[in-house]
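Report on the structure given below.
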Amino acid sequence: MYTPRLVLLQVFFLMVPQGTWLQPSLTPSWEVPTSLVLEPVTQDGTSQSPVENATPRDVPGISTVGPTLVTPSAPGNKTMNLFPVLPICICDLTPGACDINCCCDRDCYLLHPRTVFSFCFPGSVRSSSWVCVDNSLIFRSNSPFPSRVFVDSNGIKRFCVHVNNSKLNYFQKLQKVNTTNFQALAAEFGGELFNSALQTEPPLPFYRAGDPILTYFPKWSVISLLRQPAGVGAGGLCAESNPAGFLESKSTTCTRFFRDLASSCTSDPAMDATSYYNFTVLKVPRGITDLQNIQFQVPVTLASQASPPFLAENTCQNIVSQVIYEIETNGTFGIQRVSVSFGQTNLTVQPGVSLQQDFTIHFRAFQQSIAASPTGPRSGNPGYIVGKPLLVLTGTIRHSMSLLQSQGNGICSVNRHEVQFGVNAVSGCKFRLKEEDCHHMQQEICQTLHGSPRPEYIAIFGNADPSQKGEWTRILSRNCSVSAENCTSCCLIPVSLEIQVLWAYVGLQSNPQAHVSGARFLYQHKSIQDSQNGAEVSLTTLVNFVDITQKPEPPRGQPRMDWKLPFDFFFPFKVAFSSGIDSQKGSASAICTVGPSRKRNCLLSPRMNSEWLPSGLRMTI
């Protein structure tokens, strides 16, 4: 006879009454609902409270938001690490030091960071999920997940199971990208960000005035812009990103400072002439669509020989000090020819040494002869235009008036500021006296103040021709070098030059033309001793424009009053106010007013008797 055997199976029962649902909660791994008391659950379903009727606040190392000790109900009763090491600790910003409130920082060496920190930064702990039901519904738990019994603020025990959901972690393992999965990842995550912005907007068919000029480096297949470094700030430091504008002929000057000139001599591309012509210039912007077509590219040709820089003993030689681009254009057909010439210098290696560089870009029409305009650009036609260079003449050489310019360290530079017509300006620099006699020192300082060559004549109009002497007027000047009186060891050196320019408008008032009436040089001197050789003196140059325009009177003067009155005009008034006439018979009163246009109006009272009115009365104004 068969006798049935009873087998006891461990079954996880969740008896949920009607209307009762599981309540999931998302909290950190050590966090549980607020004001709940932890009671570990054993295998037999009984609750064991290590601290009876205690709250988390009463247990050291337990915060108010939950327990710090979690014991899973799985066999073996293994203790779970509350602070697992995260793959990446995003708040660990200080290497070798503990970052406050960064609960994943290994440098803190804290088993329970909340005992020290008031809170944990978001992302410094793992995310956890708890599912809770009423504890009375649970007979026995055989769940493989960690489970807890919490007591809420109302004293109700709740059974919670910690769900191991890896998707809730803040951090995932980073995917490794290699040659095998690159295409798959690019196809899955790629989008419009991989498209070049240049493909969305078609390039312009030709350059417009002021547009940046495109360049192409065939060696690296890189598209860039033609740069014209310019000085910025008080020291005039070189800004490399300044683009050159199409059809904008201009010159810029900037200064470079070197901490270690010995290493920068051959490594800095700004000092090597090759970096200024190792590219091609695109004729038109649409040439960017076909970079392999050399018809859209113009090579940069050398107009002067340039040697590479090298370091010889304590001197860096063949440093680029001047760059001049000549660009020929042909309207909408774009750029046709580009040439570059260089000026090079040597620089001694010393701490804090500086280099001043000049960059000039000049545009002209294609196939236009340079000799077609031997006199250079005009400053007006005929009258001067404000802001254009003030033209002067030395012998047969026409150039522009200039002022002093300083280098980055304040010493006088060989480059000078151009004087602009109608713009008052002042500049200065420091001149280092050399050990030489007084006469040579005076000559050198005078040449520094005037510039080389020294101006002799000034152009009357902006289109003055050097071959026509009548279009120039001599600059009035006293002797720049004077001798000191009653002092044999003294030397009077000029320290200031003031350029006074008298100008006026001439011609029609509807189209006045500015012309120069005269100019003169005024000097200020300073006495120095012979023992001061090698010292530095401050030099100053300034220009002052004085308007002496005499505006003529209007072509028609104001209308004048023409009186045509009889000789006895005031006779009736005299009689009317005399005592021998009855005022009732006839009375008269005259009121004369003068208006804004100086016209006089005289009114006679209507009570005047007509017999007193002279027959020949007539007023014409």
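Remark: the backbone N or O of T448 is paired with a side-chain donor or acceptor of R416 at under 3.5 angstrom. Within the 3.5 Å criterion, the main-chain N or O of C89 finds no donor-acceptor partner in the side chain of D92. Between the N242 side chain and the P229 main chain, no donor and acceptor come within less than 3.5 Å of each other. Judged by distance alone, the side chain of Y207 and the main-chain N or O of L214 form a donor-acceptor pair under 3.5 Å. Remark: side-chain polar atoms of S406 are not paired, donor with acceptor, to backbone N or O of I411 under 3.5 angstrom.
Using modelled atom types, one finds a donor on one side chain and an acceptor on the other under 3.5 Å when comparing S413 with Q356.
Relative orientation of the F363 and F246 rings is perpendicular, given thresholds of 30° and 60° on the angle between their planes.
The 12-atom threshold is exceeded at CG of L185, counting heavy atoms of other residues, nucleotides or ligands nearer than 6.0 Å.
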**Request:** Give the C-alpha distance, both sets of side-chain angles, the deciding distance and a yes or no for side chain to side chain donor-acceptor pair (under 3.5 Å) between T315 and N346.
**Result:** CA-CA 7 Å; T315 304; N346 301 331; over 6 Å; no
**Request:** Take S427 and T541, measure what side chain to side chain donor-acceptor pair (under 3.5 Å) needs, and give me the verdict at the end.
**Result:** CA-CA 6 Å; S427 64; T541 54; 3.2 Å; yes
**Request:** Carefully, step by step, assess D272 and S275 under the rule side chain to side chain donor-acceptor pair (under 3.5 Å).
**Result:** CA-CA 6 Å; D272 190 356; S275 61; over 6 Å; no
**Message:** As a quick check of understanding, evaluate side chain to side chain donor-acceptor pair (under 3.5 Å) for S251 and T360, giving each step before the final call.
**Reply:** CA-CA 4 Å; S251 299; T360 302; 3.1 Å; yes
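Between C103 and C120, the sulfur-to-sulfur (SG-SG) separation falls under 2.5 Å. Taken as a pair, C98 and C108 meet the criterion of an SG-SG distance shorter than 2.5 angstrom. For the two cysteine residues C102 and C91, the thiol sulfurs sit under 2.5 Å apart.
Using a 4.5 Å heavy-atom threshold, the side chains of V323 and Q228 count as separate.
A search for salt bridge (Lys or Arg N to Asp or Glu O under 4.0 Å) contacts involving E248 returns nothing, not counting sequence neighbours.
Applying the disulfide (SG to SG under 2.5 Å) test to pairs two or more places apart or on separate chains, those with a residue in residues 249-303 are C238-C254, C265-C316.
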